[in-house]
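Please read all numbers here as calculations on a predicted model, not as lab measurements. The chains referred to below are lettered A, B, ... by the order of the sequence lines, with proteins before strands, and numbering in each begins at 1.
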2 protein chains.
Amino acid sequence: MVEASQRTDTPLKLWVTLARAFDAVEHHSRASIARFGLGATEFGVLEVLYHKGRLPVCEVQRRILVESSSTTYVVDKLVKRGLVRRRPSGRDRRVVLLALTPAGRRLIGRIFPPHANAMRRAVAALPARQQAQAVRLLRALGKGAAALSLVERHTQPHVEDVLPPAGERR
Amino acid sequence: MVEASQRTDTPLKLWVTLARAFDAVEHHSRASIARFGLGATEFGVLEVLYHKGRLPVCEVQRRILVESSSTTYVVDKLVKRGLVRRRPSGRDRRVVLLALTPAGRRLIGRIFPPHANAMRRAVAALPARQQAQAVRLLRALGKGAAALSLVERHTQPHVEDVLPPAGERR
DNA sequence: GTCGAATATCTCGATTTCGAGATACTTTTT
DNA sequence: AAAAAGTATCTCGAAATCGAGATATTCGAC
């Protein structure tokens, strides 16, 4: 055990608080979506197609925040259930366009509003003004962190100050 | 596709922004931890034991934000690697106390500082003052959402405004 | 004190997610 | 226009995570 000089380490505290807040709110999201027999990721796909219309797989992937292999997996399931269809794009023959089927549109159209309400309730502890404030801060935070990832991808794989001796790595 | 009256729906925007920010920052966390051949959850266990000392499993679980079955799974792995030990608690015979072994302490002691640095960099896009501001807002948001979960657990399972007709549920 | 509710941990099977790479195509460079 | 680099999607196997429930123990109300 080590003394917590974290007492005033705002950056670390921010990371912890962000994780906790996300977890708490996400819980509501999961629960709300589960009512309808969908997983969070499946819902995400339906939702983005609902709001943005036909989209390439890669675009959907970017928006639902999972890896490409997971996207394929989830889309497969939705296609099997007849909620989404795949179609090749004329312009770029690598891309596959996704769109809702009529059944998919009906489903998400019925599900989305109550889910949105659940999410509004989930964040309602924060008064409107502070919500807006939080959006601004989180947007900057997210953009900054994402940008940093891009930078680091073009830098050396960044072996840090310390590496564990071979014996204790696995 | 549906027109986005989301234009000014701050609560929903907050949820989306929160998710994006978390994802972006978490990416750094994962990458940083992966350098040392650990998973995020394994790291979490080591870290909490490092900073808090011996703890019951349930306490660790609460802090690393995963379900109890996952906690067992991760702790198993750490025990097998000789980084953590399990020991029964005298007072409450349901409880199992977790603690770092000397090897575990050495490992996390070497890994934690560079990881903490990585996380400080990850959130550094936000100036100090705004970080503090964000911590306050996120804390309130998280507390509020968590409290709401507790309330709802004591309420009826809350079948919402709408339910899909049996045919389209699975 | 006893009985029922709550809590702590674990087991087991199923699902989800990831990561590394294959493949096919497009864009950029030379 | 050929080579190289980049992008989009998918496959496959491994790993992480969950959820329901089993078991043991403790707490709380009566």
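- What separates NE2 of A:H27 from P of D:dT17 is a distance of 14 Å, to the nearest Å.
- Checking side-chain atoms of B:Q61 against main-chain N and O of B:V66 turns up a donor-acceptor pair under 3.5 Å.
- Atom CD of A:E67 and atom C1' of D:dC12 are 16 Å apart (whole Å).
- Between B:T41 and D:dT17 there is a side-chain N or O to OP1 or OP2 distance below 4.0 Å.
- Contact detail for B:H28 and B:M119: the closest heavy-atom pair is C-SD, 4.2 Å.
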Protein-nucleic acid N or O pairs under 3.5 Å, nucleotides 23-26 of chain C:
| residue | atom | partner | partner atom | Å |
| --- | --- | --- | --- | --- |
| C:dT26 | OP1 | A:R93 | N | 3.2 |

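- Rounded to an integer number of Å, the gap from A:F43 CZ to C:dT16 P is 16 Å.
- Aromatic pair A:H115/A:F36: centroids not less than 6.0 angstrom apart.
- With a 4.5 Å cut-off on side-chain heavy atoms, B:L14 and B:L141 count as touching.
- Within the nucleic acid shown, A:R30 has no heavy atom closer than 4.0 Å to any nucleic acid atom.
- Between the CD atom of A:Q61 and the C1' atom of C:dG19 there is a distance of 13 Å, given to the nearest Å.
- Atom CG of A:L65 and atom C1' of C:dC18 are 15 Å apart (whole Å).
- Considering only side-chain atoms of B:K77, the nucleotide from C:dT9, D:dA16, C:dT17 that sits closest is D:dA16.
- Comparing B:T72 and A:S70 by the nucleotide of DNA chain C that holds the closest heavy atom to each, the one mapping nearer the 5' end is B:T72.
- The side chain of B:S69 approaches D:dG19 more closely than any other nucleotide in the set C:dT17, C:dC18, D:dG19.
- Using cut-offs of 30° and 60° on the angle between ring planes, the pair A:F112 and A:Y50 is tilted.
- In this structure, A:L97 atom CG and D:dC10 atom P are separated by 11 Å, rounded to whole Å.
- Ion pairing of A:E59 with A:K52 is absent here, as no side-chain N (NZ or NE/NH1/NH2) approaches a carboxylate O to less than 4.0 Å.
- Hydrophobic clustering (ILVMFWY, side-chain heavy atoms < 4.5 Å, transitive): A:I108 and A:L97 are in distinct clusters.
- For the pair B:Y73 OH and D:dG19 C1', the interatomic distance rounds to 16 Å; values are reported in whole Å.
- Nucleic acid contact class of B:T71 (heavy atoms, under 4.0 Å, all strands): none.
- Rounded to a whole Å, the CZ atom of A:R86 is 10 Å from the P atom of D:dT9.
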